[in-house]
There are 2 protein chains.
Amino acid sequence: MGIAERKIRQKEEVKSAILETAWQLVKKEGWQQLSIRKIADAIEYSVPVIYDHFENKEAILFEIGKHGFQLLSKKMQQAKDKFTDPAEQLKAMADAYWNFAFKNKEYYQLMFGLGMPCCEIEKNMPEKSYFRNLVMGSIDEIIKKNKVPVTNACLKYHTFWSVIHGLISIKMMRGADTTDDLNKLVLDDAVAGIIKNLER
Amino acid sequence: MGIAERKIRQKEEVKSAILETAWQLVKKEGWQQLSIRKIADAIEYSVPVIYDHFENKEAILFEIGKHGFQLLSKKMQQAKDKFTDPAEQLKAMADAYWNFAFKNKEYYQLMFGLGMPCCEIEKNMPEKSYFRNLVMGSIDEIIKKNKVPVTNACLKYHTFWSVIHGLISIKMMRGADTTDDLNKLVLDDAVAGIIKNLER
DNA sequence: TATATTTGCTAACGGTGTTAGGAAAAAACA
DNA sequence: TGTTTTTTCCTAACACCGTTAGCAAATATA
């Protein structure tokens, strides 16, 4: 009896069509222009069908946000794997994070609520701890190498992340009032500062 | 002929009633719940009257955002004035910025587009350069004291701001999953790191 | 074939920002 | 003072939005 399976498969196809269409629309017109009706139009179903697959609009955003966190984690992992020296790893991960943010502006905006109605995406997102562990691993390693390993790794992780996120969100919000070059310099400078402050 | 003056005065009163009411509503219910109709209701005028004073909703938000930037500038100025040592000034300004953000959460969200439909507030906001100058003044002083004053002040300013903004926006977005104590520690740690990196 | 179930639609509800057009009040002019 | 012009301000609508009730058609089950 493959009928049930086909039905499940078809249902799954509609569900991923919703997600894919929503994502295409967002890339074309931005988050503020995304509406349930536009998605329904694009997948050639009526509006209530959307609600057979998602409880509400926020559930769609959450699912897309999850993809974002998974993609970010993957990029971070790949960056880290290129090096064995933890300081190099941190630099590479900062770069990867930066690149992810600007190559996937819409993902980043959704994931961290930049310029869009907040949807509590980042909370209730288990995937974010994956990337947290990646960074903290390298930080821990550096600290262990120290002669006076008193530094708080958790605190340093927060600093690391805050610098990068702060830089990105400032640049992302006000567009092109500073050059790309300067921003990349600031990133490198800040990351270098943190690492330097870590090794002692 | 004081009639014209009275009219202008009355018109100005309605305008500031709109702003004041909007601000009260936002503090009570948050940005997402603010609507033109609610404002109109509260000031006991009909909806189109709002549009006699503001081109659109965004113009209202912009005006409130301006107040936010002015208040922030004032707080930063006061903090800076308490010290003569530029390093102390930087620390005090970082603290002032931090306190402003959490004592005026709604202002901060609006000013930097956190968790709300973006409204291009920060661009086209001349007031923000005031606070920029305050910070860069202190940074310049520190750099001038150095024996090798090669460091780029503009770059350091961006780093300084990014760290603080990043920390604040991360904390503001995900509420209480880290303690206040830790966050304040991270702030102090990060600012100390920047200053240390500056003095050489 | 008859019944039960799933599927997907139309149409609505209550909300949003925004605006056209007209009534009433105020001011200016005679 | 009476008339005309201007200003003020409201009702009602438009075109959207997220969401859901309720029903018809298609499908699966017996």
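Chain naming here is simple, since letters A, B, ... match the order of the sequence lines and numbering starts at 1 in each.
For the pair B:Lys75 and B:Tyr97, the NZ or CZ position fails the cation-pi test of under 6.0 Å to the six-membered ring centre and within 45 degrees of the ring normal.
Straight-line distance from the OH atom of A:Tyr45 to the P atom of C:dT6: 17 Å, rounded to whole Å. Rounded to an integer number of Å, the gap from CE of B:Met116 to P of C:dG17 is 12 Å. One can place CD of A:Glu12 at 17 Å from C1' of C:dT7, the figure rounded to the nearest angstrom. A straight line from CD1 of A:Ile39 to P of D:dC16 spans 17 Å, rounded to a whole angstrom. Remark: P of C:dT18 and CD1 of B:Ile18 are 13 Å apart, rounded to the nearest angstrom. When the C1' atom of C:dG17 is taken as reference, atom NZ of B:Lys38 falls 14 Å away, rounded to whole Å. Between A:Leu25 atom CG and D:dC17 atom C1' there is a gap of 15 Å when expressed in whole angstrom units. The distance between atom CZ of B:Arg9 and atom C1' of D:dT8, rounded to the nearest whole Å, is 18 Å.
Within residues 46-61 of chain A, the residues having any heavy atom under 4.0 Å from DNA chain D are, by residue number, A:Val47, A:Pro48, A:Tyr51, A:Asn56, A:Lys57.
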Show your working on side chain to side chain donor-acceptor pair (under 3.5 Å) between B:Tyr130 and B:Gln70 and close with a plain yes or no.
CA-CA 9 Å; B:Tyr130 186 84; B:Gln70 285 160 355; over 6 Å; no

I'd like to know whether B:Asp95 forms a side-chain contact (heavy atoms from CB on, under 4.5 Å) with B:Lys184, so could you lay out the CA-CA distance, the side-chain angles of the two residues, the decisive distance to 0.1 Å, and finally the verdict.
CA-CA 9 Å; B:Asp95 268 12; B:Lys184 198 68 176 62; 3.0 Å; yes

Before giving the answer on side-chain contact (heavy atoms from CB on, under 4.5 Å), spell out for B:Glu141 and B:Gln89 the whole-Å C-alpha distance, their side-chain angles and the decisive distance to 0.1 Å.
CA-CA 11 Å; B:Glu141 263 196 74; B:Gln89 286 176 341; 4.3 Å; yes

side-chain contact (heavy atoms from CB on, under 4.5 Å) between B:Ile121 and B:Met125, intermediate numbers included
CA-CA 7 Å; B:Ile121 293 263; B:Met125 185 63 77; 3.8 Å; yes

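Below the 3.5 angstrom threshold, one finds no donor paired with an acceptor across the side chain of B:Arg37 and the base of C:dG15.
The side-chain heavy atoms of A:Leu71 and A:His67, taken from C-beta on, include no pair separated by under 4.5 Å.
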